[in-house]
Every structure is written in C-alpha cells, then in structure tokens.
Amino acid sequence: MELKFILEAILFSAQKPMSPKELRDLLGEAAEQSEEAKPFKKVKEEPLVAALEELQKDHETAARSYRLSCVAGAWQFTSQPEFAPWITALVGLKVRPPRLSQPALETLAIIAYRQPITRAEVEQVRGVTIDGVMQTLQERGLVEQVGRAEVIGRPMTYGTTALFLEYFGLRSLEGLPAAEELRRIPVTKPESLLTADAGLATAPPEQQLPLADVEKLTEQTPPPNPA
Amino acid sequence: MELKFILEAILFSAQKPMSPKELRDLLGEAAEQSEEAKPFKKVKEEPLVAALEELQKDHETAARSYRLSCVAGAWQFTSQPEFAPWITALVGLKVRPPRLSQPALETLAIIAYRQPITRAEVEQVRGVTIDGVMQTLQERGLVEQVGRAEVIGRPMTYGTTALFLEYFGLRSLEGLPAAEELRRIPVTKPESLLTADAGLATAPPEQQLPLADVEKLTEQTPPPNPA
Amino acid sequence: MPEYKVQFEVFEGPLDLLLYLIKKEEVDIYEVNLTELATKFIEYIEVMRLLDLEIAGEFLVMASTLMYIKSRELLPRDQQVAVEEEEEEDPRWELIRQLVEYKKFKDAAVSLQTREIEQENIFPRLPIKPELAAPVPVKPDVSLFDLINAVNAVLKRVSKRDDMREIFEDKWTVSEKIEVLVKLVNERSNLKFSDLFVTVTSRSEVVCTFLALLELIRLKQLVCIQSEDFGDINITKAPEPTAALVEASSSTTSSEHSAIHNPQSAIS
C-alpha cells in the first residue's frame, strides 16, 4: 500500500482540513490500533508532504471536478469553481462575509507582502490614511498586531492571520502571486520621510495642509493615532 | 461542460447518497438559479444513468482510494475497504446503532427471499412467533407492508425496503446471495399451520423446546397473540 | 455629497488618481512627463473644487508636491542641477518609485480580489461521515448469508437423491432435531456444519435440521464460526450463556459486504 493513497483515503473521509501534523498523528494512532497500519507508524514530515504534493499533482492531472487543495497549511478536497451552480443548488450559498472594499484589499495586499509592517509604512505606500480600513481588517480577523517596530515610538507592527490564508484559499504566504518581487521593494522608513519632502509624509494632514477644507477632511479620515 | 463531471461534482459534495431522480431534480433546480446550469435543465433518466455508470468506470479505472458506488439505486462516493484502519482512526470507532439480533436477521432473510410474505408464513418457516422482531424490523425501516395476500382474512404481506438494500450494501434484491432452495422451501398456508406439526407451528416455545433456558427464550419472544 | 462618494471610490488617493492619469496617456510610469502629469492632476483638483466636492487632504499634499516638481522643471537647466545636488533625493524619482510600488500592490489587490471571488465558488468536500463496521479481528463469525449458502448447498445435494421420498410424510420435527443437535454438540464439543447432514434422508429433514440450528443459535446455545470464506462452518457450544453471543453476532451482519457504511444508510 502506498502512502499517498492512504493519505488520500484519509482526506477523502475527513470532516475538516488536515495539517501534516494531524496526518502524522493519525498514522501513528492507526498503527496502534491495527496490524495493517503498522508500516506507516512513523512517517517523517518531509516524505508525507512530498506524498501530499504528488497527490495534488495527480488530481490536477486527472482534471476532474474537484481538486486537492492546501489552505493555510491544511489539506482538503475542494470542488472546482465552475461547478458552483450545481453545488449551490445542493448545499445552498456559501456563507461568507461581504466582499472586501478596494481600499481594504490594497491595504491587505501591502500588509500581506510586507509584514511585519507599521501602519505608517502602509500609509506611505498607499498615500492615504488607513484607519477605518485597518479596523475593518482587524475586526474581520484578517490582520492582527504582531509586535512593535524597533524605531522611535515603537509603533505596532501588523501581519496577516491564518484566516487571511483561508479566506483567499492560499497555502501559505509563499503562495501569494509574485511574492518575491513585491517583498523585495523596500519600504522607506517613515521617520526619514518626515525629514524629507513634506509632501510625501504621513504626518497628520492638519499640520501639512494650508487649505480651506481641513474641517471636512477630518470628518472623513480621522487623524492617525499617536500610538 | 460534460454531464458526468457535473454529476461527479454533485456526488462529491453531497451529504447523502443521491438517486437518479434526486440528481435530475437538482439539475432542474440549478438551471432555475443559474444561467450556466441551463443546458442541463432537462436531462432524461437514461443518459443520466449512463453518465453515472461511465463515471463509475472512470473511477474504477483510476483505482484510487475511493470509488463511486450505487447502493439501493442511490449513488455515492465511498472509500475502499482496505483503508478502513486509517478511517477508523480518523472517525474514532463510532458505536453503530445496535446490530440486528439473530432472530431479526433470520426473519429478515426469510422476508427478503420470499417477499411478499405474510407474517404467518414467516412464522411457519421460523417455527416461532415473530411479533417483536417484525416490529423492530418495521421500526428500523428494513421491512414494510407491501399489500395483502389473497387468502382468507386477507392478511398483510411484507417485503424489504430500499434501506434494507442499503444496510447490506446490495444494489438490488438480485444481489442477495443465491439461495434458490430457500426460495423454494414450501410454505404451507397459514390455516394449516395450527393443525400441522407442532415443531413448525407457532405454539408457545415452552411446548416445543425441552431446553434448559426456556426462561430466557420467553423473555426474547413473547408467546403469540391469540389473534 | 453623493458625487463626492463616487469620486472617493474611484480614486483611493492621489496615487490612484495619478495612475489613472498615466494610464489614460498610455505611457510607462518610468517615461511619464511629470510636468504634464502635474498640470493634469492640478486641473483635476480644480474641477473637484469647482464642483464643490470635498477633497481629501492627501490629494492636496500631492498637488503641492507636483507643483514643486513642476516649478523645478521650469527653472533654467543650470539652476536645476544646483538644486538637485543640494538634495539627497530627486523628488521626481521618489514620486515615480512610489507610483511603481503602489501600482504593484494595486495589481496584487486585484489578484486577491479574483481569489476572493473564486473562493465563493469553491466548496470543501464535507463527506458523509464514514461509519465503520466493527473491526473484524480474525475471521468473523458466520454471517446469515453464509448459513443460507451452506444450507443451499446441502439442499441441492439432497434434492438429487430424495425426489421420490419427498412426497412421504416428514418424520422429523424441528424440536426433535434440536434435541439431536444439542446431544451431538455435547458429545463432540466441536461439530462441522457438513456433519449435520451426513445422515439426512430427505429434504424436509435438511430444512428441519437447519431451522433447529438457527433456533439454537438464536437461543445462544450454539455458535457458528467459519474460519475462512466458503470454508466449512464449525458449530460449538456458546462459551457463555448470554453476553458472548450478543457480542459475537454484532460483528457478523454485513462485514463482507461493506467495510465502510455511511450513517444515512445505517439504522438508528
């Protein structure tokens, strides 16, 4: 019996996505209960993941109506999107929170590729303040505080959560499109910015703008938190 | 898009085995909800079953850890039995609903091979009354009333249900192990029963069995109703 | 105010508007004429102001940056160089770098959105919770169908030789056969199923014997064990009067038919 078929059978019957660790534990447990399962008692993580990846390729090649996906490091069978009309008729619409707005998606993209990242750094890339959006992303559990930056004021840094990977069906952050390229572009430190051209800085708009409609502006986009 | 892949996607996501009728209804429902599903609005039973059978062959050829099976006319994906050790470990050994008792099984077998059959005829073959057992079998949905016999008193006749086939993993009654002779064992008309050989009659077991634990027996099978 | 909302949704900020203007010109970001771009951006801001639309602060900051760049461009060349040498960074390049970076994340946001929409149409397989037959340690006790098959075989053998005799009245009853069987098992402690039929003379005797056997199994007096498929069936006395057989019979039902059942097919 081949490991990959055993893994396939497990994933085929599993009620939830399974991580390599859970699969290894299960192989061990089965080996204790059954003579037949003994040869797979101690499978190392590496060959196990290799078998899973081979299995995924098998199913990709077979090009059937379902595939083996790895989301946030856990494996499960999922249907191909083009069959959604029928599966929806069968199980009902998928319950999902409303789609993310454009600003939220842009902010999320920046955080995903550049994490850990401070709010000021994100604002620098987007060229606008992101308070409301950050709150939404945190409330939806897609983004979380991950630490503090080693700069003056020690501002919070943010990163994406496991739910982020799940929400977008990503295996890991490596699975983000063009991950390498987008990570490489350095983010200029915010404090160097403040000493440079004021026009590009992210200081509160009140301090920078000698313009009439500052009042209206602050209604819309509250000034960034001092934290 | 090919019908068989649509059916595959449905069966792969279905929470229960699906009959061709259910599948056709679902195709119709999907067509009402979605433009993409329109071309499969009205699929006739015949091509649908043909597609299912082709699908079944596909999976048989692919020889993976699961297969498409048809039980009691309903289709579902099931895992191959040789992976049971791992699936047992996965789901934990769940306690199945209590198994059928030996008397229930015997009664069931007689009904399966001889349907439609009256209760008196079953009792004649088994040599004991079957009231309790018949009730259990009906409650568990394995046996149902199917009509009335054309004899005096027009007693109810009984037959097995679709669930019976499912429970034993049979596609149809033709799938029962060949027991030609069991089918041929003559069953005397119920009227003659009471006057015939006591050994085959439905008299209280106390009268028939010179065995030690008659007490236990009577606990199991209550004496027959005078009716 | 509704127009304002529309504006704000179209352009997420000054960089977004700049990218829009560049795209309209169909030029590469690196080759964009910043003086022209600054003029267009400021024109756009002016239109917004004329329409009395609220203008986010970031747009105004960008407008001033662009005006600064534009004014530098308008200086005579020799003075320009002098200014550039004074500064650490050329504001033009800084702006272009920022635009390029922002553009990449904007594209990444689009691909995230594609994935987001796709995910709505991807359904995880939630299998019918598999239900397993009780584990089968060695070989199961004989199943009902095994018994039927076995009796069938005997019936066939007998029917060849007793066609004539069958019309005669049956001399055996089930209760008599039960006594015979109990006696046999007590004597031999281990009996083969085929042994039961060695001496039978009629088909009805076979039936009686078989029914007697079934009855004794039901009464938990006997246990049938088949050590291999289609092998002979051993009949022994039930080890313990009650509990043992209940357990044993629980694994006989359908083990050879299906190792894995789903719960819907099971009975509750």
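Naming convention: chains lettered A, B, ... in sequence-line order (proteins, then strands); numbering from 1 in each chain. Any value given below was found using the heavy atoms of this structure, including those in side chains, with hydrogens, waters and symmetry copies removed.
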Of the backbone (N, CA, C, O) and the side chain (C-beta and beyond), which part of A:Leu26 lies under 4.5 Å from a heavy atom of chain B, both, or neither?
both
Apply ring pair (Phe, Tyr, Trp, His ring centres under 6.0 Å) to A:Phe168 and list each qualifying residue two or more places apart in sequence or on a separate chain.
A:Phe164
Between B:Phe77 and A:Phe77, does the side chain to side chain contact (heavy atoms under 4.5 Å, CB included) criterion hold? Intermediate values first, please.
CA-CA 13 Å; B:Phe77 278 102; A:Phe77 279 105; over 6 Å; no
Is it the side chain or the backbone of B:Leu7 that comes within 4.5 Å of chain A heavy atoms, both, or neither?
neither
Scanning both residues in full, the closest heavy-atom pair of B:Ile10 with A:Leu90 reads O-CD2, 3.6 Å
Report every donor-acceptor pair between chain B and chain A with a separation under 3.5 Å, backbone and side chains included.
residue: B:Glu8; atom: OE1; partner: A:Arg64; partner atom: NE; Å: 3.4
residue: B:Glu8; atom: OE1; partner: A:Ser65; partner atom: N; Å: 3.0
residue: B:Glu8; atom: OE1; partner: A:Ser65; partner atom: OG; Å: 2.8
residue: B:Glu8; atom: OE2; partner: A:Arg64; partner atom: NE; Å: 2.4
residue: B:Glu8; atom: OE2; partner: A:Arg64; partner atom: NH2; Å: 3.0
residue: B:Ala9; atom: N; partner: A:Ser65; partner atom: OG; Å: 3.2
residue: B:Asp58; atom: OD2; partner: A:Arg64; partner atom: NH2; Å: 3.2
residue: B:Arg64; atom: NE; partner: A:Glu8; partner atom: OE1; Å: 3.3
residue: B:Arg64; atom: NE; partner: A:Glu8; partner atom: OE2; Å: 2.3
residue: B:Arg64; atom: NH2; partner: A:Glu8; partner atom: OE2; Å: 2.9
residue: B:Arg64; atom: NH2; partner: A:Asp58; partner atom: OD2; Å: 3.4
residue: B:Ser65; atom: N; partner: A:Glu8; partner atom: OE1; Å: 2.9
residue: B:Ser65; atom: OG; partner: A:Glu8; partner atom: OE1; Å: 2.8
residue: B:Ser65; atom: OG; partner: A:Ala9; partner atom: N; Å: 3.2
residue: B:Tyr66; atom: OH; partner: A:Tyr66; partner atom: OH; Å: 2.9

Measure distances from A:Phe5 to the heavy atoms of chain B and classify the residue's part below 4.5 Å as side chain, backbone, both or neither.
both
